[in-house]
Amino acid sequence: MIGGLAFAFANPAILAALAALPVIWWLLRMMPPRPAAEVFPPLRILASVMKREETPSKSPWWLTLLRMLMAAAVIFAIADPVFNPRSNTLASSGPLALLIDNSWATAPDWERRVEAASGLIDDAEARDLAVSVLFTGDRQHDATPASAAAARTRLAAASPVPLPTDRRSALAALRTAFDAFPPGTIAFLTDGIESADQKTMTALNEIGAAELRVIEADGGQAVALTSTSNESSGMSVTATRLKTDDRRSLSIVAYDARGRAIADGTIDFSPGAAGAKGTIEAPFELRNDFARLGIEGAASAGATHLLDDGFRRRRVALLSGEARDLSQPLLSPLYYINRALAPYADLIEPRETDLAVAIPELLEQRPSVLIMADIGRLPEETYPLLAKWIESGGMLIRFAGPRLAAAPADDPLVPVTLRQGERALGGALSWSEPQPLADYPANSPFAGMARPSDILVKRQVLAEPTADLVERTWASLADGTPLVTTAASGTGRIVLFHVSAEATWSNLPISGHFVEMLRRSVQLSRSGGVAGESKAAQAHTLAPFRLLNADGVLVAETGNARPLEMEPGKTPATTPDNPPGLYGSEDGFTALNLLPRDAELKRIDTTLAGSHTVERLVRAESWSLKPALLTLALLLLIADAVIVLFMGGAFSRLRMARSASVLVFAVVAIALFTPPQAFADDTRPDDERILERLDTTHLAYVVTGEDDVDRLSESGLRGLTDFLTYRTTLEPGAPVGLDIMRDELSFYPIIYWPVSAGAPMPSPQAVSRIDAYMRAGGTVLFDTRDQFSSLGATSGGTSPNTERLQAILANLDIPPLEPVPADHVLTKAFYLLTNFPGRYTGGPLWIEAQFENRDEPSNRPARSGDGVTPIMITGNDFAGAWAVDANGAALLPTVPPDEMQREFAFRSGVNIMMYMLTGNYKADQVHVPALLERLGQ
């Protein structure tokens, strides 16, 4: 042993040659005399011939020592010293039995396990022992001993499985195979995780082998995600680990359906802790795109947690106690609920007003949440349907109102017992004042939200005091009376808002706080798999869709997996027939993860067995010093040759010319291969150009790569620039062609984009830059130049340019569009216009829809940039009408030929530019008298 490492010689007999080193020393001491340089004259030559005979001189001691080291290195290399040599200590009394765990936890170090098993098989072959190989993750087990070659074949064909170990069946097969003749050695290559029965070591000891070896890793790579919870503030993730003796921090990454990392978080383990929790903080909209979670740096099925449809947008059914009054939408009970949940959920409403028909119709569509606004008494036959739906995972959210206040007190579909009637707060006949909200309790999904000070409740339905009323309360008023209560029913939940869903009982529905409360409540519901009337109590099966392999990767190969049996009230578990993965289809699936919720990894207890040895899987490999010693001897030989040549004067005869040539060659090489020096001025931004762009307004167009289109765009914007200079106080600079992938876009208020099907499709990065430009307040004017009157029309044949525009818009986050209304600011920004012609006329100019012009108001926030639309779309070919040559003459005729149409095209361009630069100020009422005077009204 040397420093804890085993050391041995493969050929120790060769070391006897070390005894010859003294002889080698004596031989190496002799050295021929150095040749002397003599002058040619014959007399000197004759004189030197007559000298006495000289004896060879002795070599220097350091040169002799170098040669001795060379000889010793050769001797030691032939002896082949080996560090950590394998010692074959297998018992010869019987075959070798290999019990190998190939569970999910072995995936990260599977190659090391194969090497360890291969070494044991080699030892068995050296002693002519049969080998039995069993894998605890396989479905079938054959423990019959076979040859070493057959064992290697089985080992090479094995691989980790995305399942826990099933040691019970493997041990049963091992016990049966060696019932009469016990094995000599049992080698148990374990993943270190204890099985459910916790009797592995006892069962191995009972087989009666002469030797029992336990080979395990340190367990540092055995980490797994066990559960997730999509909470109000983020995604809560629970993890467990096997090695607990240190503090550890894991990075958790959330991936979307395309495998892109879109969010991350951390889980911190305390020393000695096997489990820990962490949170991935992300907006609700981003969490909706989570497809799976993974531990960074850990490639195993346990380190991957799949998410199914339950983490995506919920389907919410809306039901009201009264018909919707379209003339008074603000008084509708569902108006504010609809506006609050529309951005976050898929909303459905019944087609029938009859509740006996409407409720079964809604439940057949498998909603996650059913919201009932001021519904007191339901049809008798609907109570069992709703009760089964809630028990199967549905969430019922109810809002109070006059009808619910008058409903019977024994209503089974309310979370608490209610007092009949309503409580009035404030007014001539009330001593109490309208109540604000109290702080939210810690067990509420609203915890963490700031308590609003401007929300007051004037009426509410009261709950009867009970022992568990506090536990069931999610929100309350300042006087302690409940505002929101809840109760669990089966796997579902009932939630009651003790105020109405419209603004008659409180101003809560018209606040932004109402949106957040509803969003958090709906987020707690389940999605996908909530059954309706006929399916609530029926089991159904889901076919394998995508399965998880041992490395934590989803694959389409389903192998021998069977359909997943879904039973109400029972959580499915992974089995060899149902490995972890996604079950269902593209239309909807259920995620089956490796470990159950709140599972914990426990280390296998080796103290329960009798006589055995424990070895580490990660051990020092055997390696030989022979290559290093031979290399050393070769280097010493080269050094000896160089020294002898130097002492013989070989290097002194080199010519200065050769040295000079070498020096010149080196200088030339350095000059050729040294990269040119980069100065700061070479990469300095063009400050003057940037200042010029900022100081002067420029019209910009997208360079498509088609010369004729780009020349026409430049000529058109140059013509509009001249028109603006002559007719307005705006004096723009020369038009600028933009490469949207490289140029800075924020310098320009509007960008003209001539859409051409023949131009290359912009890259996703370029489209992303355009999207960011539009979000920052810029506007893009798309011109298909085909006078296509209906954007996105499918009849009559879509032009290639319009198809290309649709492909571009499919990757942009654009608002709803509408043709320019008659009273829009664009029609009066400078000129009074009724349409926006270009080279063609008749096609509309599409802009962002202005919801304030509709019958129903919207809760969409006001746009930045004074309400300027981020997108305009036309097919009238503006640039073709604006294009002029150097003399100001039009390049292209209008269709039909009409110079007044060209004039109105220029006026359209002026209005667009004024609208871009001044916003919607012309919409103010202060301008109405002046406009009416101009119109002669």
Side-chain angles (χ1 to χ4, degrees), residues 314-324 333-334 337 347-422 460-464 466 468-469 472 474 482 484-501 521-522 524-527 529-540 567-569:
R314 270 59 171 170
R315 176 172 293 178
V316 179
L318 304 180
L319 203 59
S320 174
E322 63 182 26
R324 184 178 182 183
L334 295 179
I337 298 175
L347 305 180
I348 56 176
E349 296 187 33
R351 292 174 294 180
E352 300 288 339
T353 57
D354 184 1
L355 295 182
V357 178
I359 290 178
E361 175 189 348
L362 291 176
L363 296 185
E364 283 295 331
Q365 300 182 56
R366 301 166 65 94
S368 301
V369 181
L370 174 62
I371 298 180
M372 297 195 306
D374 191 21
I375 295 179
R377 191 186 302 272
L378 294 169
E380 195 65 30
E381 63 271 20
T382 62
Y383 281 98
L385 300 179
L386 288 171
K388 290 182 180 179
W389 173 78
I390 295 172
E391 291 176 356
S392 300
M395 173 180 279
L396 175 64
I397 300 179
R398 303 188 68 174
F399 283 85
R403 293 177 178 82
L404 183 63
D410 58 349
D411 190 341
L413 296 181
V414 292
V416 293
T417 304
L418 299 178
R419 293 181 180 179
Q420 283 195 332
E422 58 191 71
Q460 69 176 144
V461 292
L462 287 174
E464 293 285 356
T466 58
D468 59 349
L469 181 60
R472 296 189 178 192
W474 279 357
V484 182
T485 55
T486 183
S489 177
T491 58
R493 183 173 293 277
I494 302 174
V495 179
L496 173 63
F497 283 75
H498 291 239
V499 294
S500 63
S521 299
V522 170
L524 297 178
S525 66
R526 296 174 56 186
S527 175
V530 179
E533 171 190 4
S534 60
K535 301 178 182 178
Q538 297 180 2
H540 59 284
E567 300 181 11

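We use all heavy atoms of the structure for the numbers below, so side chains are in, but hydrogens, waters and symmetry mates are not.
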Peer 1: Could you measure the distance from the CG atom of Leu378 to the CE atom of Met372? Nearest 0.5 Å is fine.
Peer 2: 5.0 Å
Peer 1: Going through the distances and angles, do Leu418 and Leu496 end up as a side-chain contact (heavy atoms from CB on, under 4.5 Å)?
Peer 2: CA-CA 11 Å; Leu418 299 178; Leu496 173 63; 3.9 Å; yes
Peer 1: Could you state the interatomic distance from CG (Leu404) to CZ (Phe497), rounded to the nearest 0.5 Å?
Peer 2: 13.5 Å
Peer 1: For Glu464, is the CD atom crowded, meaning more than 12 foreign heavy atoms sit under 6.0 Å from it?
Peer 2: yes
Peer 1: Can you list everything that forms a side chain to side chain donor-acceptor pair (under 3.5 Å) with Glu361? Sequence neighbours excluded, please.
Peer 2: Arg351
Peer 1: If we only count heavy atoms from C-beta on, is the Ser500 to Asp374 side-chain gap below 4.5 Å?
Peer 2: no
Peer 1: To the nearest 0.5 Å, tell me how far Leu363 CG sits from Ile390 CD1.
Peer 2: 9.0 Å
Peer 1: If you define the side chain from C-beta out and look only at heavy atoms, does anything of Val416 sit under 4.5 Å from Asp468?
Peer 2: no
Peer 1: Just by modelled atom types, is the Ile375 backbone N or O under 3.5 Å from a matching donor or acceptor in the Arg398 side chain?
Peer 2: yes
Peer 1: Looking at Thr486 and Ile494, would you say the former's side chain and the latter's main chain have a donor-acceptor pair under 3.5 Å?
Peer 2: yes
Peer 1: Atom CG of Leu318 and atom CG of Leu334: how far apart are they, to the nearest 0.5 Å?
Peer 2: 5.5 Å
Peer 1: Among all residues two or more places apart in sequence or in another chain, which pass the side chain to side chain contact (heavy atoms under 4.5 Å, CB included) test with Ala317?
Peer 2: Ile348, Leu362, Pro367, Leu370
Peer 1: Is any side-chain heavy atom of Val522 closer than 4.5 Å to a side-chain heavy atom of Ser368?
Peer 2: no
Peer 1: Determine yes or no for a side-chain-to-main-chain donor-acceptor pair under 3.5 angstrom, with Gln460 supplying the side chain and Ala400 the backbone.
Peer 2: no
Peer 1: If you compare all heavy atoms of Leu524 against all heavy atoms of Trp474, which two are closest, and at what distance to 0.1 Å?
Peer 2: CD1-CH2, 3.7 Å
Peer 1: Find the distance between OG1 (Thr466) and CG (Leu469) and round it off to the nearest 0.5 Å.
Peer 2: 4.5 Å
Peer 1: Given 3.5 Å as the limit, does a donor-acceptor pair link the side chain of Arg472 with the main chain of Pro415, or not?
Peer 2: yes
Peer 1: Indicate the atoms forming the closest heavy-atom contact of Pro360 with Leu385, along with that distance.
Peer 2: CG-CD1, 3.8 Å
Peer 1: Just how far is it from atom OH of Tyr383 to atom CZ of Arg377, taken to the nearest 0.5 Å?
Peer 2: 7.0 Å
